[in-house]
2 protein chains.
Amino acid sequence: MKTNIEQARERMKASGFKMTPKRLDLLSYLFEVNRYVSAREVAEALRTSHPSLSYDTIYRNLNDFSEIDLLEVTELDGEMKYRAACASGHHHHHLICRICGKTETLNVCPMEWISPAQETGFEVEDHKFEIYGRCANCQRLTS
Amino acid sequence: MKTNIEQARERMKASGFKMTPKRLDLLSYLFEVNRYVSAREVAEALRTSHPSLSYDTIYRNLNDFSEIDLLEVTELDGEMKYRAACASGHHHHHLICRICGKTETLNVCPMEWISPAQETGFEVEDHKFEIYGRCANCQRLTS
DNA sequence: TTCGGTGCAAAGGGTTTGCAACCTG
DNA sequence: CAGGTTGCAAACCCTTTGCACCGAA
């Protein structure tokens with residue numbers, strides 16, 4: 001079974017991207033934390049190993065990786081958050097903890113029940129379904 | 001039957017807000033366009049009648065009105081968008097046209113079918129369910 | 001008259017861009 | 001070696017804030 005990093009390498013090569021030490025560590029970090037993080041969190045996490053890593057590079061990489069579906073993106077609390085794409089590769093949604101960004105996967109998609117949206121001629125392109133709250137762990141810490 | 005503006009007046013007074021000419025025109029505009037608009041769109045729409053209307057005032061009003069549920073807010077394409085609250089006052093979701101911002105109301109809420117999210121101890125606070133695409137009219141204009 | 005509303009100017013925060021130097025494949 | 005990648009610095013855009021003045025009730 002291929003590791004996440006190996007899969008990432010393949011997809012990057014297939015899209016004309018090169019692997020660099022910073023990209024490798026950025027991806028490793030995202031695979032490891034396994035939750036939605038902001039660019040700032042990425043910067044802080046990699047500051048030790050890459051003191052010169054700048055925000056422009058972080059944003060460029062996060063955006064590039066999102067475009068080849070290595071990452072999932074969502075707009076939360078006024079900023080973009082990114083996370084390693086879920087391995088399954090199949091369509092799903094998340095419960096997202098507002099405090100730590102951790103997610104739980106929801107295996108149902110409401111769109112499956114809402115096909116009759118067509119009557120008005122609206123052409124559906126995509127959708128967003130996210131549930132926000134506090135995960136069990138953050139409830140303990142903050143209440 | 002009360003007009004939208006009359007209802008707005010009442011709710012504002014009840015919350016300690018005063019009505020001003022600018023607020024009146026801002027609300028009238030939002031009731032009229034009946035879709036999600038950005039602060040910039042508001043500014044442009046009211047520039048003629050209120051040349052001195054500034055962004056700080058627009059944002060302050062949009063935020064104040066949102067807090068008393070006169071407006072609905074969503075984060076879309078990297079910015080906040082606002083629209084007059086749907087009259088029904090009862091929970092619902094929207095199909096949103098990416099081009100003109102016009103919406104169609106969806107009378108179902110997927111949360112009604114997803115109660116078993118509790119097993120992991122996740123505490124649900126709220127959720128977002130939006131369908132994006134092109135309305136019938138914008139399909140004609142752009143294809 | 002009182003308390004809320006507004007303009008002004010400035011700052012804030014997240015994100016993007018142009019360009020020259022650098023490095024991967 | 002070629003073409004992608006990065007740092008730097010600056011710019012951008014959306015949004016918020018402090019303060020003095022203005023205006024609705």
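Labels below follow one simple rule: chain letters A, B, ... track the order of the sequence lines, proteins then strands, and each chain is numbered from 1. Remember, it's a predicted structure, so these values are computed and weren't measured experimentally.
- Nucleotide D/dT5 holds its P atom 16 Å from the NE2 atom of A/H50, rounded to whole Å.
- Between the CD1 atom of B/I58 and the C1' atom of C/dG5 there is a distance of 14 Å, rounded to whole Å.
- Between A/H50 and A/K22 the shortest side-chain heavy-atom distance falls below 4.5 Å.
- Counting non-hydrogen atoms under 4.0 angstrom, B/G78 reaches nothing in the nucleic acid.
- Here the C1' atom of nucleotide D/dC14 and the OH atom of B/Y36 are 19 Å apart, to the nearest Å.
- The only member of A/V37, A/N34, A/V33 that meets side chain to side chain contact (heavy atoms under 4.5 Å, CB included) when paired with A/R83 is A/N34.
- When the nearest nucleotides of DNA chain D are assigned to B/Y82 and A/D64 by heavy-atom distance, the more 5′-ward of the two goes with A/D64.
- For B/R23 and C/dG4, a side-chain-to-base donor-acceptor distance below 3.5 Å is absent, hydrogens and geometry of angles not being considered.
- The listed nucleotides are C/dG18, C/dT24, C/dC8; the one nearest the side chain of A/P21 is C/dT24.
- Side-chain atoms of B/K18 come within donor-acceptor range of the base of C/dC3, with a qualifying N/O pair under 3.5 Å.
- To the nearest angstrom, P of D/dA24 lies 10 Å from NZ of B/K22.
- When the side-chain nitrogen and oxygen atoms of B/S52 are compared with OP1 and OP2 of C/dG7, one or more of them lie within a distance under 4.0 Å.
- For A/Y59, whose side chain is taken as the heavy atoms from C-beta onward, the closest listed nucleotide among C/dT15, C/dT24, C/dG7 is C/dT15.
- Considering only side-chain N and O atoms, B/N61 lies nowhere under 4.0 angstrom from the phosphate OP1 or OP2 of C/dG5.
- The six-membered or imidazole ring of B/H93 lies away from that of A/H127, with a centre-to-centre distance of 6.0 Å or more.
- At whole-Å resolution of the value, CG in A/L24 and P in D/dT5 are 14 Å apart.
- With hydrogens and angles ignored, no donor-acceptor pair under 3.5 angstrom links the side chain of A/R40 to the base of C/dG13.
- Remark: side-chain polar atoms of A/R23 are paired, donor with acceptor, to backbone N or O of A/K18 under 3.5 angstrom.
- Taking only side-chain nitrogens and oxygens, A/S54 comes nearer than 4.0 Å to OP1 or OP2 of D/dG7.
- Nucleotide C/dC22 holds its C1' atom 15 Å from the CG atom of A/L53, rounded to whole Å.
- Within the 3.5 Å criterion, the main-chain N or O of A/K81 finds no donor-acceptor partner in the side chain of A/E75.
- Within the 4.0 Å cut-off from OP1 or OP2 of C/dG4, not a single side-chain nitrogen or oxygen of B/T20 is found.
- Two residues, B/M80 and B/M19, neighbour DNA chain D, and the one matched to the more 5' nucleotide by heavy-atom proximity is B/M80.
- Taking atom CZ on B/R60 and atom P on C/dT6, their separation rounds to 8 Å, with Å as the unit.
- As rounded to whole Å, 16 Å separates atom P of D/dT6 from atom OH of A/Y55.
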